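If you're wondering where the values come from, they're calculated on a predicted model, not measured in any experiment. Computation of the quantities below employed the complete heavy-atom set of this structure, encompassing side-chain atoms and omitting hydrogens, waters and symmetry-equivalent molecules.
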There are 2 protein chains.
Amino acid sequence: MTDINSSKRGSSPSSPSLGGDRHRSAKAGGNPLFLRDEELRQAIELLFYAYRDFTGEPDIILAERDLGRAHHRVIYFVGRYPGMTVSHLLDILKITKQSLSRVLSQLMAEGYIRQDQGQEDRRQRLLTLTDKGAELERLLTETQRKRIARAYRNAGPEAVEGFRDVMLGIISGDADRARFENRGE
Amino acid sequence: MTDINSSKRGSSPSSPSLGGDRHRSAKAGGNPLFLRDEELRQAIELLFYAYRDFTGEPDIILAERDLGRAHHRVIYFVGRYPGMTVSHLLDILKITKQSLSRVLSQLMAEGYIRQDQGQEDRRQRLLTLTDKGAELERLLTETQRKRIARAYRNAGPEAVEGFRDVMLGIISGDADRARFENRGE
DNA sequence: GCATATATGTCAACATGACTGACATAAATT
DNA sequence: AATTTATGTCAGTCATGTTGACATATATGC
């Protein structure tokens with residue numbers, strides 16, 4: 001594997017204008033929107049970098065088991081909502097049933113997830129993690145939990161509140177936002 | 001569409017155990033880690049939902065032009081750092097040069113991005129957006145900017161500070177975190 | 001100046017995870 | 001009895017990542 005990270009902290013001495021021009025010129029021009037634009041761009045980039053790193057560690061663990069990020073998402077949410085239906089999962093992930101089907105079939109074939117017929121509505125297939133599935137879920141989520149815990153600890157409780165508020169504002173639907181009500185108190 | 005959210009607050013007659021048990025049981029057991037576990041899981045989910053929605057709108061605009069999210073990322077960062085090198089871009093995106101190459105070639109063929117030879121180091125290909133590229137960048141970034149601006153406005157300045165702090169804590173490398181220094185003051 | 005390292009590009013093969021479209025089955029609902 | 005809903009499946013395609021190998025031009029170190 002090419003060690004592309006090596007170039008990371010060396011910050012390529014060969015790229016002189018790397019990071020200031022656009023902002024300096026806007027600032028120099030006295031553009032009153034400068035701060036706002038810069039602030040918003042930073043948020044965009046925070047989301048990019050944070051998500052990239054947030055998924056990085058689990059991806060490695062998954063790759064060792066020939067699984068991918070899609071499997072992780074399924075395992076995570078089935079662990080979160082034991083006995084959830086396929087529809088519910090589709091709705092959270094916002095992917096097609098064909099895409100989900102492949103991932104889900106693999107997870108059941110490998111013994112990570114179990115399906116039970118619904119009692120009230122026998123068309124439903126209620127999804128639960130097997131012991132093997134729960135173990136992998138813990139392993140994967142642990143890396144993310146640690147990362148978040150570290151960030152929360154360093155930032156402090158007020159920052160955590162602010163983080164939550166902003167993140168909720170970024171989410172589109174009331175339905176999704178509602179998932180976060182009355183749970184932290 | 002099925003109202004899966006109804007299942008969340010315990011209704012969903014068909015799936016009785018759908019969303020509360022795991023937490024309630026932990027809570028009932030008086031587990032002191034309950035709040036922390038719940039808090040951390042919420043953070044994990046906030047990241048998932050926020051990122052999903054954050055990329056949703058640009059993806060639609062991109063699809064109309066037969067481009068994808070990978071093209072967006074390149075256009076965004078080239079717009080952010082005009083004249084940046086290929087190495088720098090590789091380092092930010094953390095993908096292989098072969099992956100980047102395909103996307104970059106397409107963008108140049110379609111006239112979104114221009115390459116100029118570096119003056120100091122003539123091996124470098126300095127990347128800049130063309131007018132067409134800058135226009136698309138504005139269009140794409142505008143949707144994300146609006147989303148963030150709305151979230152920031154509703155959450156308030158203190159929340160924004162907290163959001164920043166937590167997001168920075170989630171990012172792995174000092175080098176990446178350093179990109180956010182001394183820019184918002 | 002020669003050897004080596006670096007920045008970039010390119011060919012080829014492959015895996016993953018998304019998509020569309022079409023069709024099938026069983027169970028619930030009207 | 002007709003329709004809708006929950007789920008599954010087959011087939012094809014596309015976007016985006018991967019590894020490995022190799023090529024070229026330029027910069028740098030001795």
Side-chain angles (χ1 to χ4, degrees), chain A residues 1-4 6-8 10-15 18 52 55-56 58-60 62-74 84-91 93-109 113 115-127, chain B residues 1-4 7 12-15 52 55-56 58-60 62-74 83-91 93-109 113 115-127:
Chain A
M1 179 185 301
T2 315
D3 181 16
I4 52 164
S6 60
S7 58
K8 190 157 91 202
S11 71
S12 51
S14 38
S15 48
L18 225 158
R52 185 198 63 182
T55 51
D59 282 355
I60 293 169
L62 288 156
E64 292 164 1
R65 289 163 179 72
D66 287 304
L67 298 174
R69 198 179 294 180
H71 301 92
H72 184 188
R73 290 196 279 253
V74 169
M84 80 187 308
T85 64
V86 174
S87 311
H88 187 193
L89 193 46
L90 280 174
D91 196 61
L93 299 177
K94 298 232 198 293
I95 59 175
T96 59
K97 64 176 174 174
Q98 295 93 325
S99 298
L100 176 57
S101 174
R102 187 173 358 113
V103 173
L104 208 44
S105 310
Q106 285 171 295
L107 289 173
M108 290 188 298
I113 283 186
Q115 271 190 344
D116 302 297
Q117 195 171 50
Q119 296 105 42
E120 310 198 5
D121 186 335
R122 289 181 304 175
R123 292 172 303 182
Q124 295 179 334
R125 303 281 175 268
L126 307 184
L127 306 170
Chain B
M1 181 169 306
T2 317
D3 178 18
I4 51 131
S7 64
S12 171
S14 42
S15 49
R52 186 198 62 182
T55 52
D59 282 355
I60 294 170
L62 289 156
E64 292 164 2
R65 288 162 179 73
D66 287 304
L67 298 174
R69 201 178 293 178
H71 301 91
H72 185 188
R73 290 196 279 253
V74 170
M84 80 187 307
T85 65
V86 174
S87 311
H88 186 195
L89 193 46
L90 281 174
D91 194 62
L93 300 177
K94 298 230 196 297
I95 59 175
T96 59
K97 65 176 174 173
Q98 294 92 326
S99 298
L100 175 58
S101 172
R102 188 170 357 115
V103 172
L104 207 44
S105 311
Q106 286 171 296
L107 288 172
M108 290 188 299
I113 284 186
Q115 270 190 343
D116 301 298
Q117 195 170 51
Q119 296 107 41
E120 310 201 2
D121 186 335
R122 286 182 306 173
R123 292 172 303 180
Q124 294 180 332
R125 301 283 175 270
L126 307 184
L127 306 170

Output a table of nitrogen or oxygen pairs between the protein and nucleotides 9-11 of chain C separated by less than 3.5 Å.
{"from": "dG9(C)", "atom 1": "OP1", "to": "Q115(B)", "atom 2": "NE2", "distance (Å)": "2.6"}
{"from": "dG9(C)", "atom 1": "N7", "to": "K97(B)", "atom 2": "NZ", "distance (Å)": "3.3"}
{"from": "dG9(C)", "atom 1": "O6", "to": "K97(B)", "atom 2": "NZ", "distance (Å)": "2.1"}

Should R73(B) be listed as having a side-chain N or O under 4.0 Å from OP1 or OP2 of dG17(D)? yes
Atom-to-atom span, CG of L89(A) to P of dA18(C) - whole angstrom: 11 Å
Residue A70(B), side-chain atoms from C-beta onward, closest of dA7(C), dG17(D), dT20(C): dG17(D)
Using atom CD of Q106(B) as one end and atom C1' of dC14(D) as the other, report the distance to the nearest whole Å. 11 Å
For I95(A) and dT16(D), what is the distance between atoms CD1 and P respectively, to the nearest whole Å? 17 Å
D91(B) atom CG is separated from dA7(C) atom P, nearest whole Å, by 11 Å
Do the side-chain N or O atoms of H71(B) get closer than 4.0 angstrom to the phosphate oxygens (OP1, OP2) of dA15(D)? no
Begin with the C-alpha distance, continue with both residues' side-chain angles, and end with the deciding distance and a verdict on side-chain contact (heavy atoms from CB on, under 4.5 Å) for Q115(A) and L127(A). CA-CA 5 Å; Q115(A) 271 190 344; L127(A) 306 170; 3.6 Å; yes
If you look at every strand shown and take non-hydrogen atoms under 4.0 Å, does R102(A) touch a base, only sugar-phosphate, or nothing? base
Please give, in whole Å, the distance from dC19(C) P to R69(B) CZ? 11 Å
Gap between atoms CE and C1', on M84(A) and dA6(D) respectively (whole Å): 14 Å
Ignoring backbone atoms, establish whether S99(A) has a side-chain N or O less than 4.0 Å from OP1 or OP2 of dC19(C). yes
Expected rows: protein N/O vs nucleotides 26-30 of chain D N/O, under 3.5 Å:
{"from": "dT26(D)", "atom 1": "O2", "to": "R123(B)", "atom 2": "NH1", "distance (Å)": "3.3"}
{"from": "dA27(D)", "atom 1": "OP1", "to": "R122(B)", "atom 2": "N", "distance (Å)": "3.0"}

